[in-house]
Amino acid sequence: MQITDTIADLLTRIRNANSAKHDTVEIPSSNLKKSICQILLDEGYIKNFTVIEDGKQGVIKVTLKYVDGKTPVITGLRRVSKPGLRIYSNVEDMPKVMKGLGIAIISTSKGVMTERQARAEHIGGEVLAYIW
């Protein structure tokens with residue numbers, strides 16, 4: 001099965017597993033997805049993720065995080081820049097998600113990072129997703 005937008009697939013799988021209250025979700029691996037999962041781990045939106053090598057593409061196994069065992073930590077995920085319409089932002093116009101309560105994931109020339117890190121390094125880039 002050919003997937004055009006792999007980042008939207010990642011976000012949809014996490015969103016669906018969250019709403020179904022699953023403990024883990026498996027996602028086909030790529031370097032961009034690994035860096036997005038690392039950001040989610042660093043910001044405290046997921047418990048853990050592991051990369052399982054299967055001799056082909058590999059699989060990322062994401063362990064979801066819940067408050068009191070039932071309320072998901074991730075309340076919303078939104079894909080911003082799509083293959084049909086790319087959204088770029090410079091450092092002055094960097095978006096704030098939920099007035100600073102969420103994060104925006106930005107793909108920059110120095111790698112994938114949050115909007116706070118991009119502001120600190122004074123670089124702009126493509127706005128991949130909003131997470132709150």
Side-chain angles (χ1 to χ4, degrees):
M1 182 171 85
Q2 182 68 29
I3 298 173
T4 333
D5 192 1
T6 57
I7 299 169
D9 179 59
L10 163 87
L11 297 176
T12 301
R13 286 178 191 237
I14 291 175
R15 184 183 307 114
N16 290 343
N18 240 351
S19 63
K21 307 261 191 288
H22 289 289
D23 291 332
T24 61
V25 60
E26 291 185 353
I27 302 156
S29 179
S30 76
N31 287 334
L32 181 61
K33 291 179 190 177
K34 288 177 199 172
S35 57
I36 290 173
C37 288
Q38 185 62 49
I39 288 174
L40 292 176
L41 180 65
D42 293 343
E43 294 290 323
Y45 287 105
I46 60 174
K47 272 187 190 174
N48 197 7
F49 78 95
T50 55
V51 179
I52 302 165
E53 295 297 332
D54 59 357
K56 299 176 206 163
Q57 183 176 3
V59 175
I60 300 173
K61 188 171 184 180
V62 177
T63 307
L64 300 174
K65 192 174 184 179
Y66 296 96
V67 178
D68 301 329
K70 58 186 176 190
T71 308
V73 172
I74 298 174
T75 56
L77 298 158
R78 198 180 96 193
R79 177 79 160 114
V80 179
S81 183
K82 301 177 174 103
L85 178 65
R86 300 288 184 188
I87 306 294
Y88 296 95
S89 176
N90 57 19
V91 72
E92 290 83 21
D93 300 329
M94 198 67 68
K96 281 196 172 196
V97 182
M98 305 270 300
K99 296 186 180 178
L101 295 177
I103 61 167
I105 297 177
I106 313 290
S107 175
T108 67
S109 58
K110 294 185 179 178
V112 179
M113 59 184 71
T114 65
E115 88 279 354
R116 287 186 213 109
Q117 292 169 325
R119 267 194 216 98
E121 294 196 22
H122 204 18
I123 52 175
E126 182 181 355
V127 183
L128 297 178
Y130 293 158
I131 298 168
W132 64 92

**Asked** Short question: side chain of K33, backbone of P28 - any donor-acceptor pair under 3.5 Å?
**Response** yes
- Message: Check this for me: does any side-chain nitrogen of one of E92 and R119 sit under 4.0 Å from a carboxylate oxygen of the other?
- Response: no
Output for pair (D5 CG, K82 NZ), nearest 0.5 Å, gives 9.0 Å
Scanning both residues in full, the closest heavy-atom pair of R116 with G100 reads NH2-O, 3.5 Å
- Message: For K47, is the NZ atom crowded, meaning more than 12 foreign heavy atoms sit under 6.0 Å from it?
- Response: no
Here the pair of heavy atoms bringing I74 nearest to L77 is CG2-CG, 3.7 Å
When rounded to the nearest 0.5 Å, the distance separating CG of L10 from OG1 of T6 is 8.0 Å
Tested for side-chain contact (heavy atoms from CB on, under 4.5 Å) against L128, the lone hit among I87, L32, L11, I39 is L32
query: Do E126 and S81 have side-chain N/O donor and acceptor atoms under 3.5 Å apart?
result: yes
N/O donor-acceptor pair under 3.5 Å between Y130 side chain and K96 backbone
no
When every non-hydrogen atom of H22 is compared with those of Y66, the smallest separation belongs to O-OH, 2.6 Å
In this structure, OG1 of T75 is separated from CE of M98 (nearest 0.5 Å) by 6.0 Å
Item checked: Shared hydrophobic cluster, V62 / I7 (ILVMFWY, side-chain heavy atoms < 4.5 Å) -> yes
dist Q57:CD -> S30:OG (nearest 0.5 Å) comes out at 7.0 Å
Open item on the list: Are there over 12 heavy-atom neighbours, none belonging to K21, within less than 6.0 Å of that residue's NZ?
Closed with: yes
Separation between CD (Q117) and CD (E121), nearest 0.5 Å, reads 7.0 Å
(Q) With a 3.5 Å distance limit and no angle check, can you tell me whether D68 reaches the backbone of K70 through a side-chain donor-acceptor pair? (A) no
